[in-house]
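Numbering of residues begins at 1 and proceeds along the displayed sequence. Note that the structure is predicted; figures quoted are calculated from it, not measured.
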Amino acid sequence: ARPVGEWNQCRILSHSGRILVHINGKKAAEISGCKPASGCIAIQSEGSEVRFRRILIRTPLPPEESKTEPTEDADAAAE
């Protein structure tokens with residue numbers, strides 16, 4: 001996590017049954033064998049107040065991003 005007062009960035013990539021989660025450009029989780037083609041998106045906090053901003057949902061995934069994992073540089077460019 002970044003220091004108090006700074007925003008953290010979470011990027012979730014779902015493609016071909018594989019879900020990757022990156023926090024501030026570092027991989028936090030990965031799972032495969034999923035079928036999340038439709039449904040709800042839930043956002044939660046783990047035991048403390050949380051605020052969200054700039055939530056962006058893109059579909060379909062741009063071709064250049066479907067081939068590679070997100071990196072810290074790509075996340076910084078998205079800000």
Task: Stepwise side chain to side chain contact (heavy atoms under 4.5 Å, CB included) check, Glu30 with Val21 - done: CA-CA 6 Å; Glu30 178 178 355; Val21 179; over 6 Å; no

- [ ] Decide if atom CZ of Arg53 counts as having more than 12 heavy atoms of other residues, nucleotides or ligands within a radius under 6.0 Å.
- [x] yes

Open item on the list: Looking at Ile41, I want to see if its CD1 is surrounded by more than 12 non-hydrogen atoms of other residues, nucleotides or ligands under 6.0 Å.
Closed with: no

TODO: Begin with the C-alpha distance, continue with both residues' side-chain angles, and end with the deciding distance and a verdict on side chain to side chain contact (heavy atoms under 4.5 Å, CB included) for Arg51 and Trp7.
DONE: CA-CA 9 Å; Arg51 295 181 181 161; Trp7 288 96; 4.0 Å; yes

Separation between [atom1] of [X] and [atom2] of [Y], rounded to the nearest 0.5 Å:
X     : Y     : atom1 : atom2 : result
Arg11 : Leu20 : CZ    : CG    : 10.0 Å
Ile12 : Ile43 : CD1   : CD1   : 7.5 Å
Arg2  : Gln9  : CZ    : CD    : 6.5 Å

Task: Sidechain-backbone polar pair: Arg18 side chain, Ser32 backbone, donor-acceptor under 3.5 Å - done: no

- [ ] Would you confirm whether Asn24, through its side chain, and Asn8, through its main-chain N or O, come within 3.5 Å as a donor-acceptor pair?
- [x] no

Task: Val4 side chain reached by Glu6 side chain, heavy atoms, under 4.5 Å - done: no

Open item on the list: Test: salt bridge (Lys or Arg N to Asp or Glu O under 4.0 Å). Region: residues 31-45. Which pairs qualify, not counting sequence neighbours?
Closed with: none

